[in-house]
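Working notes for the structure below.
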Amino acid sequence: MDTPLSTIAVVGLGTMGTGIAEVLALAGREVIGIDISEAAALGAVASLEASTARAVGRGRITEEERAVALARFRTADTLQAAADAELVIEVVPESYEIKQQVFRELDAIVSPTTILATGTNALSVTRLAAESQRPERVLGLHFFNPAPAMKLVEVVSSVLTAPPAVEAVTTLARELGKEPVAVGDRPGFVADGLLFGYLNQAAAMYEANYASREDIDAAMKLGCGLPMGPLALLDLIGIDTARTVLEAMYAESHDRLHAPAPILGQLSSAGLTGRKAGRGFYTYDAPGGQDVVPDALTPAAGAEAGAGRAVASVGVAGSGTMASGIAEVFAKAGYGVVLAARTQEKADLAKGRIAKSLERSVTKGRLSAEARDETLARITAAGSLDAFAEVDLAVEAVAEDLEIKQQLFASLDKVCRPGAVLATTTSSLPVVAIARATARPEDVIGMHFFNPAPAMKLVEVVRTVLTADDVHATVRAVCAKIRKHPVDCGDRAGFIVNALLFPYLNNAIKMVEEHYASLDDIDAAMKLGGGYPMGPFELLDVVGLDVSLAIEKVLHREFRDPGLAPAPLLEHLVAAGCLGRKTGRGFREYARR
């Protein structure tokens, strides 16, 4: 199988097949695009002409390079055209019957040394290989959409695949400018295996009316730095496609997290499959369109939950990084801020941390020296909660411990004036349990800021069954003034972001436990294939393995789902004191500073 793979056939000229053909042609390969549909073939040619013209316009290739690439691409309507190909990549619909038919026909046409690659992201490569007369030359070559832009290619081996075939396509992927990741044969492989579980949970969260589609998507974009929210991404992928992938994953894993949310089946059955249909979770300007248009579920512009309470002064309880960051945010927005800690010394240190942060902003040209001085002057450091007597909004940012927070709120109940709003920044504890420590639970709400608070735009606004409407309206208005994006959610473990993020992180750990893929390959797959700013293990080490484990336990305890049980490897690392960057060792080792 020592072949240069210079002539390659692509079977199926949909969006993915056309994208793969473009990548191959621009990289100097002779490409035969095969599709039984004349319209698909003509569309592929038109697409290549348009995309390469754009590349010329942007200076990425010359007109001569464009002409040569287009000349390398030809189309055919029969598999017989693949007779001289050294590699055939099929990207036909996700159906065993269709793909097996293609492989059976190719067996009678291509050379014994020709490599047959399936572009499936949901079906068993082993099962497809078993249908071939030469299963040792069958493997998976999973590109990501759009193929010209996405760097990741998963190279999937079955137990039958010959190593030389894997080496040949891995070399090809690198020559195409891609990042190949070697994975074994299981539904979803690495990137989709982690991604689709997360997407499924987001769909279930929406179906349960826990949060609006807009808030779920905004939370994951702003809270995790993702390029798209999960529901918008499902519309882009195709809701029917997502359901197919999840069905295949669930058939193998029997993990309830992979059991397709009923809404995916309902939308698919109704033909509301996403962008390609013009409607899915959102409504689009046309079938295949990209622009979301208002529909019956679109929130009315400027619609808020009534009038709120006046807020001129804010108290922030705590002396850590989060408390300092929140105090800085409020002071920058013009609020008078009382920053209270257990001692005056701790409060002064916290204010000093804010001064350093403001100074960095001045050095970087983001803040004037005058604005720095005015902001710092609005902050009063205090060594006791008694200083909160006249604040309109009290925000706690102390340790993530229910007993500690309840004691603090019992104190706030006594100190703060009647009508003051009391907010907790908890990320995992029940807000109502904190509220019940006071005699005024209607005044208590969750305001979950994200770290670092001055930079992160998201605030999860968590109202309990007891929270008053005007308290909710007050916090949303405050969020607007401090230039944060509020998303509404109910009082349950994880709220939006952590409830979707940490099961994904936990599943990544399980992949490593099962020796399915390495830390580096999983991190690379999610950054390159999923658009994540950090791989799961990078993120776990930054967040802290102890913090991650605590959140996993809360989620497991509340939802009682076996699939949410913390991965044993995470528990073992925490027990060993390997907590991530802060201890110098987590999933990886770090240089001591």
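We count residues from 1, following the sequence as given.
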Exercise for the section: Taking all non-hydrogen atoms of both residues into account, name the closest pair between Ala261 and Asn200 and its distance. Expected result: N-OD1, 2.8 Å

Handout entry: Step-by-step salt bridge (charged side-chain N to carboxylate O under 4.0 Å, His left out) determination, Arg378 to Asp373
Key = CA-CA 9 Å; Arg378 294 188 191 106; Asp373 295 340; over 6 Å; no

Exercise for the section: Quick one: which residue pairs count as a ring pair (Phe, Tyr, Trp, His ring centres under 6.0 Å) with a foot in residues 306-359, not counting sequence neighbours? Expected result: Phe330-Tyr335

Exercise for the section: May I have all residue pairs that pass ring pair (Phe, Tyr, Trp, His ring centres under 6.0 Å) and include part of residues 507-548, sequence neighbours excluded? Expected result: Tyr504-Tyr532, Phe537-Phe587

Handout entry: Backbone of Pro260 reached by a side-chain donor or acceptor of Tyr250 within 3.5 Å
Key = no

Completion exercise
Applied to residues 505-516, the salt bridge (charged side-chain N to carboxylate O under 4.0 Å, His left out) test, sequence neighbours excluded, yields Arg186-Glu514

Practice task
Among Asp469, Asp392, Asp443, find the one that has a salt bridge (charged side-chain N to carboxylate O under 4.0 Å, His left out) with Arg309.
Solution key: Asp443

Handout entry: Steps toward side-chain contact (heavy atoms from CB on, under 4.5 Å) verdict (Leu226, Tyr198)
Key = CA-CA 13 Å; Leu226 299 179; Tyr198 150 71; 3.4 Å; yes

Problem - Polar contact flag, side-chain donor to acceptor under 3.5 angstrom, Asp295-Thr283 - result: yes

Handout entry: Presence of salt bridge, Lys527 and Glu538, under 4.0 angstrom
Key = yes

Fill in the blank from the handout: Correct closest heavy-atom pair for Gly280 and Leu267 would be O-CD2, 4.2 Å

Would you give me the side-chain donor-acceptor pairs under 3.5 Å for residues 549-557, sequence neighbours excluded?
none

Problem - Pairs meeting criterion salt bridge (charged side-chain N to carboxylate O under 4.0 Å, His left out) with involvement of residues 339-364, two or more places apart - result: Glu359-Arg372

Handout entry: Ion pair Arg440/Asp413, N-O distance below 4.0 Å
Key = yes

Practice task
Answer yes or no: is there a side-chain heavy-atom contact under 4.5 Å between Cys479 and Met447?
Solution key: yes

Problem - For the student: nearest non-hydrogen atoms of Lys405 and Thr424, plus distance - result: CD-OG1, 4.0 Å

Problem - Any side-chain heavy-atom pair of Val574 and Leu579 under 4.5 Å - result: yes

Exercise for the section: List in chain and number order the residues that pass salt bridge (Lys or Arg N to Asp or Glu O under 4.0 Å) with Glu214, two or more places apart in sequence or in another chain; answer none if no residue qualifies. Expected result: none

Problem - Greater than 12 external heavy atoms within 6.0 Å of Arg436's CZ - result: no

Exercise for the section: Would you mind reporting whether His448 and Thr426 have side-chain heavy atoms less than 4.5 Å apart? Expected result: no

Completion exercise
In Asp235, Leu231, Ile237, the residue satisfying side-chain contact (heavy atoms from CB on, under 4.5 Å) with Leu233 is Ile237

